[in-house]
Q: 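Following this message is one structure expressed as structure tokens.
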There are 2 protein chains.
Amino acid sequence: MPELTIGELAERSGVPASTLRYYERHGLLHSRRTTGNQRRYAEAMLRQVAFIRASQRVGIPLAEIGEVLEFLPDGGAPTPQFWARAAQCWGRAIDERIAALQRRREVFSACASCGCLTFGECALVA
Amino acid sequence: MPELTIGELAERSGVPASTLRYYERHGLLHSRRTTGNQRRYAEAMLRQVAFIRASQRVGIPLAEIGEVLEFLPDGGAPTPQFWARAAQCWGRAIDERIAALQRRREVFSACASCGCLTFGECALVA
DNA sequence: CTCAGACTTAAACCAAGGTTCAGGTCAAGC
DNA sequence: GCTTGACCTGAACCTTGGTTTAAGTCTGAG
């Protein structure tokens, strides 16, 4: 199994190398180092980067993604079971955001027709 | 009609004075200056601050609020007509965000059951 | 007139999620 | 062995929506 340099991982994942280094600084990725201090990745890391990007896509902050990644067996790719459990979490997170937005929409509709904009009375400005 | 100092406007609106200055720097508010260079506001400004906060509440970025405020007659409070038109805009903006989130939810549901997470194929990571 | 408290400014700092840069090192092809 | 491109680090910079701080000025009550 050939290892990937950071440039190769960047190209194959579409994620800039600067971003991969950023993720590593923040504990979302880990890498083996060569004797010359350069990063080397197993191909499985590609899946882990995919997991991070997919999670970001649905609006999960990096810190939270990092917490979930702590449950990954060291150096292993995300397993189907791992993905299934994470997907359940992320799904609930999206649903909550949709619900919050819809509640806000209702408040706004009521206030839009009232138009008072009075501090201390209007739900939109208080 | 008595004028308000920035501290009074801050207290009556619940918006910190530092934030009011910040809004002014970014063109969302204007003030008269005393001979000693202190800010003075007409009471009508309270309504304008309310408009800004209400707009922020529904997720409109300050830059966009500022653009809309350009249509206000100089120094005047937001009229009911002004609010009605702005409210229509903001309502559409919320609806779009809800719709975008729901589309994302659908993509996610499909991908969550697939779980491939493959770059270039999966809609969640590509 | 004096003095406390409110006001002024510019500049630095915060969160998140990065990008860019300078200066230096590594790896690989010839 | 040399050269070139890829890589390394830390630091600075970016956006948005502010807050905090320092140093100095104004206003109004007594």
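Bear in mind that the values here come from a model prediction, so they are computed numbers and not experimental data. The sequence lines fix the lettering, A, B, ..., with proteins before strands; numbering per chain opens at 1.
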Q: Closest nucleotide of DNA chain D for A:R25 versus for B:I60: which of these residues is on the 5' side?
A: A:R25

Q: Rounding to an integer number of Å, can you tell me how far A:Y41 OH sits from D:dC8 C1'?
A: 12 Å

Q: For B:R39, report the nucleic acid contact type (base, sugar-phosphate, nothing); a contact means any heavy atom under 4.0 Å.
A: sugar-phosphate

Q: When you measure from the side chain of B:R47 to the backbone of A:C116, do you find a donor-acceptor pair of N or O atoms at a distance under 3.5 Å?
A: yes

Q: Around B:E64, counting heavy atoms of other residues, nucleotides and ligands shown, do more than 12 lie under 6.0 Å from its CD?
A: yes

Q: What bend angle does the helix from C:dC1-D:dG30 to C:dC30-D:dG1 show across its length, from five-pair end axes and to the nearest 10 degrees?
A: 20°

Q: If you walk 5' to 3' along DNA chain C, what is the first nucleotide with an atom under 4.0 Å of a heavy atom in chain A, and what is the last?
A: C:dG17 to C:dA27

Q: Begin with the C-alpha distance, continue with both residues' side-chain angles, and end with the deciding distance and a verdict on side chain to side chain contact (heavy atoms under 4.5 Å, CB included) for A:I65 and A:Q56.
A: CA-CA 8 Å; A:I65 300 171; A:Q56 274 195 295; 3.8 Å; yes

Q: Give, for atom CG of B:L101 and atom CZ of B:R97, the distance between the pair rounded to the nearest 0.5 Å.
A: 9.5 Å

Q: Rounded to whole angstroms, how far apart are CG on A:L9 and P on D:dC7?
A: 10 Å

Q: Expressed as a whole number of angstroms, how long is the span from B:Y22:OH to D:dT16:P?
A: 8 Å

Q: Want to settle it: does B:R40 or B:A63 sit nearer the 5' end of DNA chain D, counting the closest nucleotide to each?
A: B:A63

Q: With a cut-off of 6.0 Å (strictly less than), are more than 12 heavy atoms of other residues, nucleotides or ligands near CD of A:Q102?
A: yes

Q: Where the side chain of B:R105 meets the backbone of A:G91, is there a donor-acceptor pair that is under 3.5 Å apart?
A: yes

Q: Indicate whether OP1 or OP2 belonging to D:dT16 is found under 4.0 Å from a side-chain N or O atom of B:Q56.
A: no

Q: Round to the nearest Å and state the distance from B:I65 atom CD1 to D:dT16 atom C1'.
A: 12 Å

Q: Heavy atoms under 4.0 Å, any strand shown: does A:T35 hit a base, just sugar-phosphate, or nothing?
A: nothing

Q: Go nucleotide by nucleotide along DNA chain C from the 5' end; which of A:N37 and A:P16 gets its closest nucleotide reached first?
A: A:P16

Q: Pair B:W90, B:V68 - check side chain to side chain contact (heavy atoms under 4.5 Å, CB included), show working.
A: CA-CA 11 Å; B:W90 298 169; B:V68 169; 3.5 Å; yes

Q: Please evaluate residues B:E24 and B:H30 with respect to the criterion side chain to side chain contact (heavy atoms under 4.5 Å, CB included), reporting the C-alpha separation (whole Å), side-chain torsions for both, the decisive distance (0.1 Å), and the verdict.
A: CA-CA 6 Å; B:E24 184 171 315; B:H30 301 281; 5.7 Å; no

Q: How many Å lie between CD on B:Q38 and C1' on D:dT25, as a whole number?
A: 8 Å

Q: Does a side-chain N or O of B:T19 approach OP1 or OP2 of D:dT19 to a distance below 4.0 Å, or not?
A: yes

Q: Is it true that, when you exclude A:R32 itself, more than 12 heavy atoms of the residues, nucleotides or ligands shown sit nearer than 6.0 Å to its CZ?
A: yes

Q: Once you round it to whole Å, what is the distance between C1' of D:dA6 and CD of A:E11?
A: 13 Å

Q: Closer than 3.5 angstrom, by distance alone: can the side chain of B:R57 be matched with the main-chain N or O of A:A123 as a donor-acceptor pair?
A: yes

Q: Does D:dC7 have OP1 or OP2 under 4.0 Å away from a side-chain N or O of A:T5?
A: yes

Q: Please give, in whole Å, the distance from D:dT25 C1' to B:R21 CZ?
A: 13 Å

Q: Categorize A:S18 for me: base, sugar-phosphate, or nothing, with a 4.0 angstrom heavy-atom threshold over every strand shown.
A: base

Q: Quickly work out the B:E64 CD to D:dT15 P distance and round it to whole Å.
A: 18 Å

